[in-house]
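The structure under discussion appears below in the form of C-alpha cells.
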Amino acid sequence: MKEGGLEDVEPKVEQLMNKLKKLQQGKRAIEEEVKEAQSLRDSLQEELDALQTEAYRLEGVHKEKEESYMVLQFQCEEMEQDSTRQQQLNRKSEDLIEQYRCQIQETKLKHRKHRMKFENQLQQLIGQHKNLHSVFSPDRLPAEIESVENAKSQLLKAEQLKLSQLCHLEEALDEARRQTSTDTTDKHTD
C-alpha cells in the first residue's frame, strides 16, 4: 500500500510542479505586462507633461496676443479720434479761408468803388479847373494847377496805401492756406 501511496503522491507533486511552472510563467507574463504598462504609463506621463508645458506656453502666447490686440484696438480708437479732430480742424480752416476770401472780395469791391469815386472827383476837379481858367487870370493858373496836382498826388498815395494793405491781406491768406495744407500733410504722415 505504501507503494501505491507514493505513486499517488508523485502525480500530485508533478501536477503541483506543473501548476507552479504555469503560475511562474503567468507571473513572468504578468510582470512583463506590468513592466510594459509602467513603461506605457511613463511615456504617457511624459507626453502629458509635454502637453501641459505646451498648454502653459500657449496660454502665455494667447495672453500676449490678447494684450497686443487691446493695445492695437486702443491705438486704432485714438487714431480715429485724431482723424475726426483733424477733419474738424480742416473744416474750420476751410471756413476761415472762405471767410477771408469773401473779405478780400468785399475789400476789392470797396477799393474799386473808391477808385471810381476818385476818378469822378478828379474829372470834376479837372472840369472845374477848366471852368475856373476862364474865370481866373492866367497869373493864378500855375498856383491852381499845383493845388490840383497836390490833391491828385494825395489821392494817389491813399489809393496805393489801400492797394498795399490789400496785397498784405492776400499774402496772409495764402500763408494760412499753406499752413493748413502743411498741418494736414503732417497729420497724415503721423
Side-chain angles (χ1 to χ4, degrees), residues 9-115 158-190:
V9 170
E10 276 185 33
K12 283 186 181 179
V13 170
E14 230 176 271
Q15 286 175 353
L16 288 174
M17 288 297 281
N18 285 339
K19 274 187 180 181
L20 182 62
K21 283 181 185 177
K22 285 180 185 177
L23 287 173
Q24 285 176 343
Q25 287 174 352
K27 180 183 173 190
R28 275 188 234 117
I30 288 173
E31 284 176 350
E32 281 297 315
E33 286 179 14
V34 167
K35 281 183 185 176
E36 287 176 14
Q38 283 178 340
S39 175
L40 180 62
R41 186 196 72 193
D42 291 344
S43 67
L44 288 173
Q45 185 63 44
E46 286 176 8
E47 193 175 328
L48 177 64
D49 291 345
L51 287 172
Q52 286 175 338
T53 302
E54 181 66 12
Y56 180 74
R57 186 188 71 78
L58 288 174
E59 282 178 10
V61 168
H62 177 69
K63 197 171 193 178
E64 287 176 9
K65 299 272 184 195
E66 277 185 338
E67 289 173 0
S68 295
Y69 171 76
M70 289 173 66
V71 167
L72 288 172
Q73 188 175 20
F74 177 73
Q75 289 175 346
C76 184
E77 288 170 1
E78 276 190 335
M79 288 175 69
E80 285 176 1
Q81 290 173 357
D82 286 345
S83 175
T84 302
R85 278 194 293 270
Q86 187 60 40
Q87 287 174 351
Q88 290 172 347
L89 284 174
N90 286 348
R91 275 190 227 109
K92 286 181 182 178
S93 296
E94 287 171 3
D95 290 346
L96 275 174
I97 288 171
E98 187 60 32
Q99 182 181 351
Y100 289 147
R101 189 176 293 126
C102 289
Q103 287 176 352
I104 288 172
Q105 289 300 323
E106 287 176 13
T107 305
K108 284 182 177 179
L109 286 173
K110 286 179 185 177
H111 178 69
R112 196 172 291 136
K113 287 179 184 177
H114 288 302
R115 189 177 68 226
E159 181 180 6
Q160 287 175 350
L161 179 64
K162 287 180 183 179
L163 282 172
S164 172
Q165 290 172 344
L166 185 60
C167 285
H168 287 301
L169 186 58
E170 281 184 315
E171 288 172 1
L173 177 59
D174 288 343
E175 183 60 31
R177 283 186 193 140
R178 281 193 295 274
Q179 186 63 34
T180 301
S181 175
T182 303
D183 289 346
T184 302
T185 304
D186 289 347
K187 278 293 180 182
H188 287 300
T189 304
D190 289 326

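Basis for what follows: all heavy atoms, side chains included, without hydrogens, waters or symmetry-related copies. All residue numbers in this chain count up from 1 along the given sequence.
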Original post:
Which is it for Glu98 and Cys102 under the side-chain contact (heavy atoms from CB on, under 4.5 Å) test, yes or no, and what are the steps along the way?
Top reply: CA-CA 6 Å; Glu98 187 60 32; Cys102 289; 3.9 Å; yes
**OP:** For side-chain contact (heavy atoms from CB on, under 4.5 Å), just list the numbers for Ile97 and Arg101, CA-CA rounded to whole Å, side-chain angles, deciding distance to a tenth of an Å, and then say yes or no.
**Re:** CA-CA 6 Å; Ile97 288 171; Arg101 189 176 293 126; 3.5 Å; yes
**OP:** Run the numbers on Val71 and Glu67 for side-chain contact (heavy atoms from CB on, under 4.5 Å), then give the verdict.
**Re:** CA-CA 6 Å; Val71 167; Glu67 289 173 0; 5.5 Å; no
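If you check the side chains of Asp82 and Gln86, you find no donor sitting under 3.5 Å from an acceptor.
Distance CG/Leu169 to CD/Gln103: 7.0 Å, rounded to 0.5 Å. The structure places CG of Leu44 at 6.0 Å from CD of Glu47, a figure rounded to the nearest 0.5 Å. For the atom pair CZ (Arg85) and CG (Asn90), the distance works out to 13.0 Å, reported to the nearest 0.5 Å. With rounding to the nearest 0.5 Å, the separation of CD1 in Ile30 from NZ in Lys27 is 10.0 Å. Interatomic distance, CD of Glu59 versus CD of Gln52, reported as 10.5 Å (0.5 Å rounding). A distance of 9.0 Å separates OG1 of Thr53 from CG of Leu48, quoted to the nearest 0.5 Å.
Using a cut-off of 4.0 Å between Lys/Arg side-chain N and Asp/Glu carboxylate O, Lys63 and Glu66 are scored as not salt-bridged. Contact check on Lys92 versus Asp95 returns no salt bridge, with no Lys/Arg side-chain nitrogen under 4.0 Å from an Asp/Glu carboxylate oxygen. Of the charged side-chain nitrogens involved, at least one lies within less than 4.0 Å of a carboxylate oxygen, so that Arg178 and Glu175 count as a salt-bridged pair. One finds no salt bridge joining Arg28 and Glu31 here, because no Lys/Arg side-chain nitrogen approaches an Asp/Glu carboxylate oxygen to under 4.0 Å.
When atom types are taken as modelled, the side chain of Ser68 and the backbone of Glu64 share a donor-acceptor pair closer than 3.5 angstrom. With hydrogens and angles disregarded, no donor-acceptor distance shorter than 3.5 Å links the side chain of Ser164 to the backbone of Gln160.
Contact annotation: the side chain of Met79 never approaches that of Ser83 to less than 4.5 Å [non-hydrogen atoms, C-beta and beyond]. Residues Gln75 and Leu72 are in side-chain contact: their nearest non-hydrogen atoms beyond the backbone lie under 4.5 Å apart. Between Arg177 and Asp174 there is a side-chain heavy-atom pair separated by less than 4.5 Å. You'll find the side chain of His111 stays beyond 4.5 Å of the side chain of Gln165, heavy atoms only.
Closest approach of Thr107 and Leu166 over heavy atoms only: CG2-CD1, 3.5 Å.
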